[in-house]
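Right, one structure below, let's go through it.
Note that the numbering runs from 1 along the sequence shown for the chain.
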Amino acid sequence: MSHISRRRFLKTTSGALAATAGLSVHAARVNTAQVVPGRVSPNERLNIAAIGVGGMGQANIRACSSENIVALCDVDDERAAGTYKEFPKASRYRDFRVMLDKEHQNVDAVIVATPDHTHAVAAMAVMRAGKHLYCQKPLAHSIYEVRKLTETARQTGLQTQMGNQGHSSEEIRRLREWVRAGVLGKVREVYAWSDRPVGGDPWSDFPVMARPKERPPVPETLDWNLWLGPANERPYHPVYCPTTWRGFWDFGTGALGDMGCHILDPAFWALDLGQPETVQATTTHWEPEVSEETFPRASIVRYQFPARGEMPPVEVTWFDGRLKPPIPETFEPGRRLGNNGAILIGDKATAIHGSHGAGGLELLPVSLREGFEEPPKTIPRVKDGAHEQDWVRACKDGKPASSGFDYGGPLTEMVLIGVLAMRAKDRVLEWDAENLRITNDDEANALINPPYREGWPVWPAS
């Protein structure tokens, strides 16, 4: 034993356990409670792999570059080229299932930063392989997928983190401490908004369209079949990827799925919102051929949350597409709302913040700031607000990261029931979150767990 490093022993043992438990990624038939993840000493570097390494994936990998980046996987060689160049020693793959099989002994943890529709299949394969997991927001494409990922993370004991980086910020902790200390009083209204899908790259080219009829050739640098993953088969078209997939129901979750996990996060945490009782959406969609294919140009989503302990019921209203809520009475003359943000209106004071994790947090009216003393810091801080490094730390010391799936999962479920309401077209949905069921609308119920295309695993794998 003295001739074998602790890491190598743990990795070998973990590999043996995986083999005896039947943890082949392709078979994907494992009792996840049997996974026993190894722990890496704080003085050792993690061996990290990544699935989806262009775009936000590149930023996530770069934020973990203090560790060993050992394997990279992407279905688009052109999109991934910059990351491949930045980490030339890392092995390269197109199929994440092949990577997880071949690199099993070499990897401690994996980053998943693919389009929304492939989050769940990749993330579940990572956890079934016994690897710690960082997954971009929203956690998955459907509510059912989110629930299964949350349950699996809990069963395995793996360290997880969702990519809503603002949850590691100082401001989001201050807001929660304000609410706990009674600074705002009773909060009964929350307004949140985003200029997406109209504003922001890549949203400036947001598609509101019927399905393209053209059949251009697939670029040699792209594996279109793997890019589709579990989504329904359709011919390749450049309007889908590499960036504007967010605007299509089959691939993305729209402006709310994209930005809601950032902008609604502070209220969700500070007010202990949990899951809504009802949700209703109104949108700019009117033409069936278009509305069945892409997200609307703008929408308003209204959530009704029940009382929670001593906290009263709360109405949360989401606006996107450059729609905005009314200017609060607490605003000073001439003040306007920014492009992204939220307002929590209490009977004592109002809090307003920007996009990611309560950035730019302010107390209103301004007159309350004179002599205002911040409540005691009762919530542990994340060093430098570094979200990815908080996950790295968790992988090493076993103490959960700031937005592990036990938190990120319920947050995403709350966001995605609003996304689902957009497809219900003005109908009020009564939501039974415990049983993952809409109690008054069978048509909408079918969208909670949409089927995968043939050849991809059915949830949950037996």
Side-chain angles (χ1 to χ4, degrees), residues 137-138 164-167 169 171-172 175 178-179 184 187-204 206 208 246-247 252-271 273 276 278-285 294-305 314-346 349-365 411-412 414-423 426:
K137 56 78 202 162
N164 55 328
Q165 60 267 33
H167 199 75
S169 70
E171 290 88 349
I172 198 171
L175 177 59
W178 284 4
V179 170
L184 305 184
V187 176
R188 293 178 171 85
E189 292 178 283
V190 175
Y191 296 99
W193 67 95
S194 175
D195 60 352
R196 314 275 176 103
V198 179
D201 181 44
W203 285 103
S204 54
F206 179 75
V208 177
R246 288 192 186 277
T253 51
L256 176 53
D258 178 28
M259 297 301 291
C261 289
H262 292 310
I263 298 171
L264 293 174
D265 179 15
F268 184 80
W269 194 32
L271 300 176
L273 287 179
T278 65
V279 60
Q280 180 184 20
T282 54
T283 78
T284 53
H285 267 333
T294 60
F295 281 84
R297 177 67 67 176
S299 61
I300 301 174
V301 182
R302 296 175 176 87
Y303 296 90
Q304 298 288 343
F305 292 87
V314 180
E315 181 176 81
V316 175
T317 308
W318 167 269
F319 302 80
D320 61 40
R322 292 187 178 164
L323 298 178
K324 294 180 180 179
I327 300 295
E329 295 178 358
T330 50
F331 270 30
E332 57 271 32
R335 180 168 185 155
R336 295 292 181 265
L337 298 172
N339 290 335
N340 299 273
I343 303 169
L344 289 72
I345 301 176
T350 295
I352 182 170
H353 63 77
S355 177
H356 292 55
L361 177 66
E362 294 182 68
L363 186 66
L364 297 174
L411 170 62
T412 304
M414 182 271 290
V415 168
L416 292 188
I417 189 60
V419 174
L420 192 153
M422 293 180 191
R423 303 190 77 170
D426 303 331

TODO: Could you pull out all residues at least two apart from His353 that satisfy ring pair (Phe, Tyr, Trp, His ring centres under 6.0 Å)?
DONE: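 His353 satisfies ring pair (Phe, Tyr, Trp, His ring centres under 6.0 Å) with no residue once adjacent residues are dropped.
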Considering only heavy atoms from C-beta outward, does the side chain of [X] approach that of [Y] to under 4.5 Å?
X: Met422; Y: Val301; result: yes
X: His356; Y: Asp265; result: no
X: Asp320; Y: Val198; result: no
X: Ile352; Y: Glu362; result: yes

Nearest 0.5 Å please: distance from the [atom1] atom of [X] over to the [atom2] atom of [Y].
X: Leu344; Y: Thr350; atom1: CG; atom2: OG1; result: 8.5 Å
X: Asn164; Y: Ile263; atom1: CG; atom2: CD1; result: 12.0 Å
X: His167; Y: Ile172; atom1: NE2; atom2: CD1; result: 5.0 Å
X: Phe295; Y: Leu256; atom1: CZ; atom2: CG; result: 8.5 Å
X: Ile345; Y: Leu364; atom1: CD1; atom2: CG; result: 10.0 Å
X: Leu273; Y: Phe268; atom1: CG; atom2: CZ; result: 6.5 Å

Which heavy-atom pair separates [X] from [Y] by the least distance, and what is that distance?
X: Pro138; Y: Gly257; answer: CD-O, 3.5 Å
X: Ala351; Y: Trp178; answer: CB-CZ3, 4.1 Å
X: Thr283; Y: Ser299; answer: CG2-CB, 3.9 Å
X: Glu171; Y: Gly357; answer: CB-O, 3.8 Å
X: His285; Y: Thr294; answer: NE2-O, 2.6 Å
X: Gly418; Y: Val279; answer: CA-CG2, 4.0 Å

Task: Derivation of the side chain to side chain contact (heavy atoms under 4.5 Å, CB included) call for Thr282 and Arg302 - done: CA-CA 9 Å; Thr282 54; Arg302 296 175 176 87; 3.9 Å; yes
Let me have the donor-acceptor pairs involving side chains of residues 321-332, under 3.5 Å, with sequence neighbours excluded, atom names and distances please.
unit_1: Lys324; atom_1: NZ; unit_2: Leu337; atom_2: O; d: 3.0
unit_1: Lys324; atom_1: NZ; unit_2: Gly338; atom_2: O; d: 3.2
unit_1: Glu332; atom_1: OE2; unit_2: Arg335; atom_2: NH1; d: 3.2

- [ ] Check whether any side-chain N or O of Tyr303 sits under 3.5 Å from a backbone N or O of Val415 as a donor-acceptor pair, and report yes or no.
- [x]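 Pair found, side chain donor or acceptor close to backbone of Val415.
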Open item on the list: For the backbone of Gln304 and the side chain of Glu315, can you confirm whether one donor and one acceptor N or O come within less than 3.5 Å of each other?
Closed with: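 No, the answer is negative, given that no donor and acceptor are paired below the 3.5 Å cut-off.
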Open item on the list: Could you go through Asn340 and Ser194, starting from their C-alpha distance and side-chain angles, then the distance that decides it, and tell me whether this counts as side chain to side chain donor-acceptor pair (under 3.5 Å)?
Closed with: CA-CA 4 Å; Asn340 299 273; Ser194 175; 2.6 Å; yes
Task: Counterpart residues, side chain to side chain donor-acceptor pair (under 3.5 Å), relative to Trp193 (two or more places apart) - done: none
